[in-house]
Amino acid sequence: MGWESELATIAPDLLEELGEKREPEKGLPALEGAGSVTMRFAPNPNGPPTLGSARGIIVNSEYARQYHGRFILRFDDTDPKTKPPLLDAYTWYLEDCRWLGAEPDEVILASDRIQIYYDHALELIEKGGGYVCFCSQREFKEYKDRGKPCPHRRDWVAFRVLDTPHPRPEIGDRYRVWPLLDFESAVEDHLLGITHIIRGKDLIDSEHRQQYIYRYFNWEYPLTLHWGRVKIHEFGKMSTSEIGAAIKTGRYTGWDDPRLPTIRSLRRRGIQSQALRKLFTELGVNETDIGLSMENIYGENRKMIDENARRYFFTPEPVRVIIKDAPPTMAKPLLHPPDPRRGHRKIPVKNEVLISREDAKKLKNNELIRLKDLYNIKITKINKTIEAEYEKGEINIIREKNGRIIHWAPPDGIKVEVLTPKGKESGIGEHEIVESIEQVVQFERYGFVRIDSIKNGIITAYLAHK
RNA sequence: GCUCCGAUAGUGUAGCUCGGCCAAUCAUGCAGGGCUCUCAAUCCUGCGACGGGGGUUCAAAUCCCCCUCGGAGCACCA
């Protein structure tokens with residue numbers, strides 16, 4: 001304890017310096033070799049972007065932005081057979097990039113550039129760096145099954161013949177010879193002037209193969225960084241093709257089903273793109289595999305949406321409460337308690353309200369309850385329908401007796417269906433919810449939801465989180 | 001099996017390059033409390049980690065070795 005005070009007297013400026021160095025750095029770590037920076041994100045569009053893609057989109061684009069460089073979105077859609085691209089997914093990637101604040105400076109479709117790969121393949125063959133193998137598939141498989149190398153093919157494969165037409169109508173069956181990722185990516189990264197590549201560590205081996213091409217052409221390979229797998233606790237392992245199949249069987253309602261880790265789903269639920277950006281830039285680039293909980297995202301998101309989210313009452317699985325001798329009145333709860341200037345909602349009440357089944361279950365006879373922003377009641381009978389008596393007096397009576405405050409909805413309120421990662425919940429909400437279509441609001445004592453739409457007098461909402 | 005990586009609180013992260021500012025950062029989480037007509041937000045307080053074992057050194061989260069655990073690759077997928 002002595003050295004600090006001593007240092008303060010003999011060299012106060014030195015002490016200040018100590019304090020400065022302890023400041024933790026925020027955001028992404030500096031990029032090595034960063035002069036001019038061009039980065040890309042190169043997905044196969046066989047499904048919409050997921051949380052995992054978001055990491056690639058956000059970190060690559062964020063680095064490009066930080067160094068005033070360029071960010072390229074490149075679709076590696078060169079396998080119409082095993083990983084056939086989904087036509088909608090091209091658009092989805094663009095939409096989601098935009099939503100994530102990562103508008104690409106350039107968009108490339110590998111399937112548009114097959115001729116370029118042919119040209120380079122020819123050149124490579126002429127340089128003696130490649131050759132054509134004429135073994136039939138059966139012969140090759142034979143060698144493979146016996147664990148022997150094909151006499152012609154001890155090397156990695158750059159192109160193969162596929163007779164499956166490409167899903168893009170403008171490509172269709174124009175090509176039979178398709179490049180594999182190693183070749184396509186190598187050539188493209190060079191042509192696009194990519195300076196830094198950040199991608200999954202599952203592609204480390206691919207890098208060795210790609211460098212082979214770079215040596216033949218005398219190109220300079222970009223600097224590479226790899227990250228481990230991100231596993232989200234709440235979502236098991238789900239491959240894009242598995243999800244696609246499950247959607248076809250009707251197990252999921254679509255790619256934006258709230259049970260799925262797609263960006264479209266999170267967006268529909270009211271997760272803010274800034275929450276994802278913050279999360280992934282703070283994760284940085286690390287080869288360790290990480291397990292994340294959605295709580296990390298929810299925590300960030302809650303702070304961002306709370307200051308705007310209007311408050312409403314919603315009672316899932318409603319139970320009727322008939323209040324004897326209640327004078328008709330108008331409840332006026334605040335739209336946003338932290339900021340009363342935003343005004344009130346208005347809910348007319350006669351002598352009956354709905355409360356959630358969960359609250360109803362906890363009621364006891366003779367219990368004094370506060371209906372939030374309405375009045376106090378005393379429970380007199382607990383049945384399928386609950387009976388109560390109107391109690392005069394203000395909230396302080398409840399406070400003094402340590403009573404509970406519960407929310408409620410008018411019996412003639414609007415039907416609401418909330419889609420959650422765990423399933424659907426139905427109930428009744430107050431009418432003014434219709435004024436917040438497409439907005440993120442808070443159902444008091446329930447959670448934050450995004451009001452998605454209204455159809456046939458029924459509101460559909462997606463749960464973001466508690 | 002072979003090759004290559006990695007391991008800091010419940011979770012994620014900073015620190016490791018170049019050993020002493022580390023009695024280890026920040027965020028989230030959890031617990032308790034204040035405020036509040038929400039179980040939200042907000043404010044305060046607290047909890048919680050260097051995988052194990054050796055070595056080098058005056059000094060090790062940091063350097064070296066071994067072990068354990070975890071991961072990735074070993075495709076005519078991306």
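Predicted model only: the values in this text are computed from it and were never measured. A, B, ... follow the sequence lines: proteins, then strands. Residue 1 opens every chain.
No close placement of the A:W178 and A:F159 rings is indicated, their centers lying 6.0 Å or farther apart. Ring to ring, A:F75 and A:Y90 are close: their centroids are under 6.0 angstrom apart. Residues A:Y375 and A:Y390 place their aromatic rings such that the two centres sit under 6.0 Å apart. Checked against the 6.0 Å centroid criterion, the rings of A:Y175 and A:H166 do not qualify as a close aromatic pair.
Among the nucleotides B:rA78, B:rU13, B:rA40, the one closest to the side chain of A:L203 is B:rA78. For A:D205, taking side-chain heavy atoms from C-beta onward, the closest of the listed nucleotides B:rG73, B:rA41, B:rU38 is B:rG73. Checked against B:rU42, B:rC76, B:rG29, the side chain of A:R302 finds its nearest nucleotide in B:rG29. Comparing atom distances between the A:L292 side chain and each of B:rU11, B:rU28, B:rA78 picks out B:rU11 as nearest. Side-chain proximity of A:D79 to B:rG12, B:rC77, B:rA72: nearest is B:rC77. You'll find that the side chain of A:K303 is closest to B:rU42, out of B:rC5, B:rU42, B:rC39. Closest approach to the A:K201 side chain among B:rU38, B:rG71, B:rG73 is made by B:rG71 (side chain taken as heavy atoms from C-beta onward). For A:R160, taking side-chain heavy atoms from C-beta onward, the closest of the listed nucleotides B:rA40, B:rC76, B:rU13 is B:rC76. Closest contact between the side chain of A:F448 and the listed nucleotides B:rU11, B:rA40, B:rC77 involves B:rA40. Minimum atom distance to the side chain of A:N286 is reached by B:rA14, of the listed B:rA7, B:rA14, B:rC77.
You won't find any donor-acceptor pair under 3.5 Å spanning the side chain of A:R229 and the base of B:rA72, going by distance alone. For A:E300 against B:rU28, a side-chain-to-base donor-acceptor contact under 3.5 Å is absent. Side-chain to base pairing of A:K83 with B:rC77: one donor and one acceptor N or O lie within less than 3.5 Å of each other.
Heavy atoms of A:I395 sit under 4.0 angstrom from at least one base atom. Among the protein residues, A:T78 comes within range of the sugar-phosphate backbone only, with heavy atoms under 4.0 Å from sugar or phosphate atoms but none that close to a base. Note on A:D373: a base of the nucleic acid sits closer than 4.0 angstrom, heavy atoms only.
The existence of a salt bridge linking A:R74 and A:E184 is confirmed by a sub-4.0 Å separation between a basic side-chain nitrogen and an acidic carboxylate oxygen.
Nucleotide B:rG6 has B:rC69 as its partner under the Watson-Crick or G-U criteria, with both atom distances under 3.5 Å.
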